**Student:** 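Below you will find the structure I want to go over with you.
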Amino acid sequence: MAPHATDLTPVYEDSADISSTKQKSAAAALEAISDAVDSVNQLRGAISSPQRSHCDTPIDAPPGFTPARDVETFRQYHHACERVKHFYAEQHAKQTVAYNLKARAHFHSASRVRPEMTIWQAIEKLDTLVDDSDPDTELSQAQHLLQSAEAIRKDGKPRWMQLTGLLHDLGKLMFLLPGCSSGQWDVVGDTFPVGCKFDELCIFPDKFEANPDSKHEVYSTKYGIYEPRCGMDDLMMSWGHDEFLYLVLRDQSTLPREALAMIRYHSFYPWHKEGAYREFMAEGDEELLTAVRSFNPYDLYSKGDEVPNVEKLKPYYLELIDEFFPNKVIKW
Ligand SMILES: [Fe+2]
Ligand SMILES: [Fe+2]
């Protein structure tokens, strides 16, 4: 029995109008769940259980971060997990091969009207996703992107990596584009490959029970539609803001492959944090894994840093953007 794909019905009728109450509250809810997902990943980083022995301390973690292992951390972890459990129940049930094929077909469709914006316009657009007055959101999107970029810059990392920090969540724009997402579950959250067995090291692995692919004769097998050591690039990653941005930037920037990997796999915690799916890695993928792991602390742990002054930093980053984007205007 073929899996049932959810329709990619546009949730937001008019992408130009992001001021409607309906859209504002949907965007606020997206950000709230995205923040909760981040909290869980921060706390998972702090809790190193024996079963998750593949966890490595993130390399190049910024100074000042010491993994906490106290009772309070465990308590926070369970509380945050409760908040995101329902989210993952939906995400794990609906991320099927059929859905992913449909999402990609829509993305590449010649009839899709792709909004055209510069990177900076995209950052500003993303910033309007959530009202600044929203009590659930401590930082705006632009501030989170700039904090990540600034933390990378302060540590003297290469310019392409600084830019990657600035770009990495711009895929969330998909939430505003008609037909590119169906809700929260295909925008944010941890990612994983579809078309092969869902690994036990994914968060809430029991929630995959409701995914028809978990009973599919091919997709439920260890390698599924892939060959061992096929290379990470060949995996069809679950649809979300990571994959969306990767597809946008792959053909429109001169960013190195490490940067594209940081973007494509930044939510792929089962791989970069838990050590799952290594059987698909080919020559050269170890370097990508190192790159993704190097990037992760700047995404997760830079949020406590000082709030960046967007206007003050803008000239530096505009120049940086120009360095890696031959065409200023990007098709999203
Ligand atoms: Fe992200
Ligand atoms: Fe992020």
Side-chain angles (χ1 to χ4, degrees), residues 27 29-45 58 60-62 65 80 84 87-88 91 95 119 122-123 125-127 129-130 136-153 155 157 161-177 180-181 183-192 202-203 237-250 255 258-273 291-305 307-308 310 313 317 332:
L30 176 79
E31 260 325 284
I33 194 66
S34 184
D35 286 349
V37 164
D38 286 349
S39 300
V40 168
N41 283 323
Q42 283 168 1
L43 293 163
R44 285 172 98 196
D60 298 343
F65 169 67
V84 300
F87 164 80
Y88 278 114
Q91 193 217 44
Q95 287 280 1
I119 294 293
I123 292 171
K125 177 106 173 164
L126 190 65
D127 229 13
L129 244 185
V130 181
D136 284 337
T137 310
E138 293 134 25
L139 278 178
S140 75
Q141 289 294 320
Q143 285 168 339
H144 167 57
L145 293 176
L146 278 166
Q147 271 188 338
S148 304
E150 281 291 282
I152 294 167
R153 182 183 172 194
D155 279 357
K157 299 292 160 68
M161 189 168 167
Q162 297 170 28
L163 181 56
T164 303
L166 185 75
L167 302 171
H168 78 277
D169 275 339
L170 278 184
K172 287 182 182 174
L173 265 184
M174 70 193 289
F175 195 65
L176 301 173
L177 310 185
C180 287
S181 69
Q184 302 169 349
W185 62 272
D186 64 342
V187 178
V188 295
D190 287 10
T191 60
F192 45 85
C202 292
I203 189 164
M237 297 302 297
S238 54
W239 190 242
H241 73 283
D242 311 54
E243 185 73 358
F244 180 88
L245 184 63
Y246 166 72
L247 292 175
V248 167
L249 299 185
R250 189 184 57 184
L255 285 164
E258 287 84 355
L260 294 174
M262 288 173 182
I263 286 162
R264 189 179 193 219
Y265 306 118
H266 77 268
S267 307
F268 191 8
Y269 282 82
W271 182 53
H272 68 69
K273 191 76 186 170
V292 176
R293 283 179 169 162
S294 310
F295 175 74
N296 182 251
Y298 297 106
D299 184 13
L300 271 193
Y301 305 118
S302 63
K303 288 181 184 177
D305 295 357
V307 177
V310 178
L313 293 169
Y317 285 102
W332 296 86

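Counting convention: from 1, in listed order, for ligands and their atoms alike. For the single chain, residues carry numbers from 1 onward in sequence order. Bear in mind that the values here come from a model prediction, so they are computed numbers and not experimental data.
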**Student:** List in chain and number order the residues that pass side-chain hydrogen bond (donor to acceptor under 3.5 Å, both in side chains) with Ser267, two or more places apart in sequence or in another chain; answer none if no residue qualifies.
**Tutor:**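 Asp242.
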**Student:** Side chains of His266 and Asn296: donor-acceptor distance under 3.5 Å anywhere?
**Tutor:**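 There is no such pair between these side chains.
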**Student:** Can you list, by chain and residue number, the protein N, O or S atoms under 2.8 Å from the Fe ion (ligand 1)?
**Tutor:** Asp169 OD1, His241 NE2, His266 NE2
**Student:** With Tyr317, which residues qualify under side-chain hydrogen bond (donor to acceptor under 3.5 Å, both in side chains), at least two apart?
**Tutor:**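 Glu150.
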**Student:** With no hydrogens and no angle check, do the side chains of Asp155 and Tyr298 hold a donor and an acceptor under 3.5 Å apart?
**Tutor:**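 There is such a pair between these side chains.
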**Student:** Report the residues that fulfil side-chain hydrogen bond (donor to acceptor under 3.5 Å, both in side chains) with Ser238, sequence neighbours left out, ordered by chain and then residue number.
**Tutor:**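 Checked Ser238 against side-chain hydrogen bond (donor to acceptor under 3.5 Å, both in side chains); zero matches.
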**Student:** Quick check on side-chain contact (heavy atoms from CB on, under 4.5 Å): which of Gln91, Glu243, His241, Gln95 does Asp186 satisfy it with?
**Tutor:** Gln95
